[in-house]
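Below is one structure, written out as structure tokens; the observations come after it.
Everything numeric here is computed off the predicted structure, so don't read it as measured data. All values below come from the heavy atoms of this structure, side chains included, with hydrogens, waters and symmetry mates left out.
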Amino acid sequence: GGIKLGLEFYMANGKSGVLEMAHYGLPIFLDLKFHDIPNTVAKAIQALRPIQPAILTVHAAGGRAMMEDAKAAAPSGCKVVGVTVLTSLDSSDLATIGVPTTHDQVERLTMLAKEAGLDGVVCSGNEVAAAKKIWPSGFFVVPGVRPSDGVIGDQKRVVTPGQALHNGASILVIGRPITQAADPDAAASAIDATL
């Protein structure tokens with residue numbers, strides 16, 4: 001396992017907070033979803049080098065040059081993965097911004113991330129099998145994972161932990177079902193028991 005720290009954590013605690021979490025000795029997944037011009041993203045990632053994250057995220061929609069520069073700027077050994085389509089969006093949401101379907105967009109951005117030299121992509125468990133078919137050796141981060149009796153919240157494309165692994169996930173992101181549980185340890189154990 002490891003610790004996923006996102007934008008909310010980083011804005012509240014900064015680099016010092018991430019370094020404090022690193023004292024637990026677990027890999028740090030820094031989920032900041034960079035999306036800007038290539039130079040800005042590269043400089044931002046270079047600024048994170050002292051943190052030595054195990055995984056960093058960028059938006060694959062930022063384009064090939066941005067992803068190439070992000071990977072080049074990342075610390076050695078850090079996996080840089082491209083976020084394809086947020087799990088809070090579905091095809092009707094994408095249609096409002098001129099994107100035809102969720103599935104097509106995930107496939108398109110997976111191919112682009114592969115060509116840009118990233119390590120893998122972030123995608124829903126609904127699309128991870130298709131992404132893995134395009135990129136058999138890729139690293140697949142699957143968020144929006146919920147236990148079968150879990151609260152979906154703002155997520156639209158969710159799968160259970162077992163479904164995500166069966167479909168090809170390399171790692172699972174399970175946040176609120178654990179962090180918002182009355183007993184987070186028991187919630188994590190219950191989820192683990194379903195695998």
(Q) Keeping D119 on the side-chain end and V80 on the backbone end, is there a donor-acceptor pair under 3.5 Å? (A) yes

Q | Within residues 18-27 or reaching into it, pairs that qualify as side chain to side chain donor-acceptor pair (under 3.5 Å) - sequence neighbours excluded | A | none

Q: Check whether the side chains of S91 and T102 place a donor and an acceptor atom closer than 3.5 Å, and report yes or no.
A: yes

Q) Would you say the side chain of L94 lies within less than 4.5 Å of the side chain of I97, judging by non-hydrogen atoms? A) yes

Q | Sidechain-backbone polar pair: N167 side chain, G125 backbone, donor-acceptor under 3.5 Å | A | yes

Q: Please name all residues satisfying salt bridge (charged side-chain N to carboxylate O under 4.0 Å, His left out) with K79, sequence neighbours left out, ordered by chain then number.
A: none

Q: Measure the CG-OG1 distance between L112 and T84 for me, rounded to the nearest 0.5 Å.
A: 11.5 Å

(Q) With heavy-atom distances below 4.5 Å as the criterion, would you say the side chains of V122 and P143 are in contact? (A) yes

Q) Looking at CG of L89 and CG of L86, how far apart are the two atoms once the value is rounded to the nearest 0.5 Å? A) 5.0 Å

Q) Any side-chain heavy atom of L56 within less than 4.5 Å of one from I45? A) yes

Q. Is there a side-chain contact between V18 and Y10, using heavy atoms and a 4.5 Å cut-off?
A. yes

Q.
How long is the straight-line distance from SG of C78 back to NZ of K71, given to the nearest 0.5 Å?
A. 6.5 Å

Q. Can you name the side-chain hydrogen bond (donor to acceptor under 3.5 Å, both in side chains) partners of Q52, sequence neighbours left out?
A. none

Q) Any sub-3.5 Å donor-acceptor pair from D93's side-chain atoms to D90's backbone N or O? A) yes

Donor-acceptor pairs under 3.5 Å, side chain of residues 37-44 to any protein atom, not counting sequence neighbours: which ones?
none

Q.
Can you list everything that forms a salt bridge (charged side-chain N to carboxylate O under 4.0 Å, His left out) with D69? Sequence neighbours excluded, please.
A. none

Q) Taking the side chain as C-beta and beyond, is there a heavy-atom pair between V81 and F140 under 4.5 Å? A) no

Q: Answer yes if the side chains of Q105 and R108 hold a donor-acceptor pair under 3.5 Å, and no otherwise.
A: yes

Q) Among all residues two or more places apart in sequence or in another chain, which pass the side chain to side chain contact (heavy atoms under 4.5 Å, CB included) test with A113? A) M67, L118, V121, W135

Q.
Let me confirm one number: the CE-CD1 distance from M21 to I51, rounded to the nearest 0.5 Å.
A. 12.5 Å

**Q.** Residues Q163 and T160: side-chain donor-acceptor under 3.5 angstrom
**A.** yes

Q. Mind checking what makes side chain to side chain contact (heavy atoms under 4.5 Å, CB included) contact with A181, not counting sequence neighbours?
A. A187

Q: For residues V173 and V141, determine if any side-chain heavy atom of one lies less than 4.5 Å from a side-chain heavy atom of the other.
A: yes

Q.
My understanding is that only residues two or more places apart in sequence, or in another chain, count here; which of them pass side chain to side chain contact (heavy atoms under 4.5 Å, CB included) with L26?
A. I3

Q) Mind checking what makes salt bridge (charged side-chain N to carboxylate O under 4.0 Å, His left out) contact with R64, not counting sequence neighbours? A) E68, E115

Q) Are the side chain of K15 and the backbone N or O of L48 linked by a donor-acceptor pair below 3.5 Å? A) no

Q: To the nearest 0.5 angstrom, please state how far the OG atom of S170 sits from the NZ atom of K132.
A: 5.5 Å

**Q.** With K4 via salt bridge (charged side-chain N to carboxylate O under 4.0 Å, His left out) - residues at least two apart
**A.** D31

Q. Can you name the ring pair (Phe, Tyr, Trp, His ring centres under 6.0 Å) partners of H166, sequence neighbours left out?
A. none

Q) Going from CD1 on I134 to CD on E127, what distance comes out if it is rounded to the nearest 0.5 angstrom? A) 11.0 Å

Q) If only atom types and distance count, is the side chain of T57 paired as donor or acceptor with the main-chain N or O of L32 below 3.5 Å? A) yes

Q: Could you check if a side-chain atom of I55 sits within less than 4.5 angstrom of a side-chain atom of L30, using non-hydrogen atoms only?
A: no

**Q.** side chain to side chain contact (heavy atoms under 4.5 Å, CB included) partners for N13, two or more places apart
**A.** F9

